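Structure, as structure tokens:
Whatever order the structure lists ligands and atoms in, that order sets their numbers, starting from 1. This one's a predicted model, so the numbers in the text were calculated from it and none came from an experiment.
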Amino acid sequence: VQVTPLCDGVGACIDVETDCGLFDCDGGIGACLLTCSNHGACIDEAYCEGATCHADKDDGAVCDMAYQCSSGYCEMSSDSQKHCCNTECPSPMDCLTGECLCEGVTCPVGEACVPWFQDLDQDGYGDSKHTVLGCEGTPPKDVNQHDFVRNMDDCYDLNSAANPDQTSWFSVHRGDGSFDFDCKDGEEKEHDDTVLGSDTCEDCKNWECKPCGWFGIVDETYGYVCKIPTGGDDTCGPLVWQSFKQERQCGELGTLYTCNHQPGACNADELTYPNTTQRCR
Ligand SMILES: [Ca+2]
Ligand SMILES: [Ca+2]
Ligand SMILES: [Ca+2]
């Protein structure tokens, strides 16, 4: 406020106050400032920019710098612009409205805003394709009122048997035609189906490459495909000892051939198991 003493025309001196607007009054010259070079030249509720004082912006207004905001926070928001915000608002929280929110909600102090994943089949593993933000301590709910989860490791969220912990084999697909039940390496077949029909069982040797029955202690050495010792790896033994001997897709029936792999069995006999299903995971 600029104060100017004036004569009131009837013998008295009065102070006439002039509103300086957003500018401060210069105490030295007793007059309103007309330009600014720093925020101190403006009233507390204003900032200096382009030599002019501007009123501080309210929460929600688009801003460039924190000093423009009455709150002191200018935060990047979901419309790719910065907005004056009621508080600090790190991503993924959003301050489009001027209030820092996590998917429309204010998180309790100290709780981060984090991605949650839908877990429809309730196997504890979330679906990466269905995610929402939520406060750390409050899982969002799905249509069945089941909690979302923090991980996104499910490969098929409509069957709880399909999950990264699965170690069993399955003869029927999981629900979408796929047999990938353990969420890794695609469809893994339980039994080999690459060995040729003409392949026979042979002693692959084992345990420092002793033949089957060596002093009665080496067994389970017969197989269709053997591991051959190499320079840096002197181990040996059967790599494949059971096979369909023809291509069998997951869920398909076939005759399973196996080498005589019983403990202590030391012969090239071949056992057959007709109508065996190729199981997968
Ligand atoms: Ca799941
Ligand atoms: Ca699942
Ligand atoms: Ca798999």
Please report whether the SG atoms of [Y] and [X] are separated by less than 2.5 angstrom.
X	Y	result
Cys201	Cys259	yes
Cys53	Cys48	no
Cys74	Cys69	no
Cys107	Cys102	no
Cys204	Cys236	no

Taking the Ca ion (ligand 1) as the reference point, name the nearest N/O/S atom of [X].
X	result
Asp121	OD1
Asp119	OD1
Asp123	OD1

Heavy-atom pair with the smallest gap, counting every atom of Gln166 and Asp182: O-CB, 3.3 Å
Closest non-hydrogen atom pair between Cys85 and Glu99, with its separation: SG-C, 4.4 Å
Backbone or side-chain N/O/S of Ala162 under 3.0 Å of the Ca ion (ligand 2): yes
Tyr156 near the Ca ion (ligand 2) via N/O/S, less than 3.0 Å: yes
Which residues share a side-chain hydrogen bond (donor to acceptor under 3.5 Å, both in side chains) with Asn163, sequence neighbours left out: none
From OG1 (Thr138) to CD (Glu111), nearest 0.5 Å: 5.0 Å
Angular separation of OD2 (Asp154) and OD1 (Asp157) seen from the Ca ion (ligand 1), to 10°: 80°
The Ca ion (ligand 1) reached by Tyr125 (N, O or S, under 3.0 Å): yes
Polar protein atoms near the Ca ion (ligand 3) [N, O or S; cut-off under 3.0 Å]: Asp180 OD1, Asp182 OD1, Lys184 O, Gly186 O, Arg281 O
